[in-house]
Amino acid sequence: MGPGPITVDPRVLRAMSAQLTGQYDPWMTACMTETQALYREVFRTRNEATVLVDGTSRAGIEAALVSLITPGDRVLVPVFGRFGHLLREIAERCGAEVHVREVPWGRVFTPEELERAVREVRPQLVALVQGDTSTTMNQPLEGLGEVCHRHGALLYVDCTASLGGNPFAMDDWGVDAATAGLQKCLGGPSGSSPLSLSARAVEVVDSRRSVEAGLRADPDAEDGAAADGRRVRSNYFDLGMVLDYWSEARLNHHTEATTMLYGARECARLLLEEGLEAAVARHRLHGDAVLAGVRGLGLRVFGDVAHKMHNVVAVEVPDGVDGEAVRSALLHDYGIEIGTSFGPLAGRVWRIGTMGYNARRDAVLVTLAALEAVLRTAGAPLVPGGGTGAALEVYAQGVPA
Ligand SMILES: Cc1ncc(COP(=O)(O)O)c(C=O)c1O
């Protein structure tokens, strides 16, 4: 019940135990094509360039940024938690001139703050996180794509923690590049990063295309992007090459991680069978139940709760309570893992997730009951039965079971 990774849906585990095939076997290529179509629906996009990057969510981030940022580009990174700092660092490593705007952890940016920053910096790329798991905040994105495009910038969004559990509408919001992971609301393991690029983003990638010498008819012929210094500074994460591999041409690049492909495909199938809106409603309901439950116990919740992701709650560790001892007792006595946080919030909050397979009523109620028992032993003042009682009231009003 932490902020991810979470308990993997048994259907995903089963899918991942299927036999492998050769990478150009018709079954394999059909599976890749089907997975692309599924993730177009998950991201709510018509982008042809929708693929998986092999690696954890960070691999998707690196692929998007290293492929979209040409050294010297101005990149605006609005930071409201740990993963904003990660985008900043990766953009710096890509050779960008990075401009950071920050709000305190526990807040999000207003649309006016973001627009002002775009006008001031005039970036080629705006890179930000939708749901920053470190603070639990969910940055509203409606309208931001239009602002970026009006000022000549592309918009990249890391929706690893929010996708599937909170609304995300790539095309409607004008997002040019989005990356995610499976280990949060999608109910899978880490190790595959779904990614989608708009036609605008593909234009940038196309302008930097290069083909590996060993794949060219004449390996000694000059490669355009390499010759003019615009070649992407990573081979593995060069999205031009990754897109070629996923295209009809199937131009060889890496060997697709077949087991992760099976897992990613099953995650998307599960989500789409449930329905995107139903899945968001389920995450909202169980997130609300945890929120009401911890408050019902008498605990305080961190941050601007109106902008919290549905799938994770940050609970302030009460004075005099050893937060790590509580986490450890929950794990050892009840088999339940909850998260701590990072940086300024390390040791100050616990993060309780209700994501993917764990966004379930029984998981929520057992977690609240166990938390109450552990806190009582730790001598924390609390309202007996207040956690499960408040959660049950939410369920009495809610819809999904
Ligand atoms: C918002 C966000 N971005 C990126 C990451 C990094 O993901 P990974 O550990 O899969 O590389 C995480 C992980 O928690 C995350 O929550």
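Indexing begins at 1, ligand by ligand and atom by atom, following the structure's order. Small disclaimer: the values here were computed from a predicted structure and weren't measured.
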TODO: For the pair Trp105 and His85, name the ring-plane relationship: parallel under 30°, tilted 30 to 60°, perpendicular over 60°.
DONE: tilted
TODO: Hey, can you tell me if Phe342 and Phe83 have their rings parallel, tilted or perpendicular (30° and 60° cut-offs)?
DONE: perpendicular
Pair [X] + [Y]: basic N to acidic O under 4.0 Å:
X      : Y      : value
Glu277 : Arg44  : yes
Arg269 : Glu266 : yes
Asp362 : Arg360 : yes

Task: Sub-4.5 Å side-chain heavy-atom contact between Trp350 and Val317 - done: yes
- [ ] At a heavy-atom distance under 4.0 Å, which protein residues reach ligand 1? Sort them by chain and number, would you?
- [x] Thr56, Ser57, Arg58, Ile61, Phe83, Val129, Gly131, Thr133, Asp158, Thr160, Ala161, Gln183, Lys184
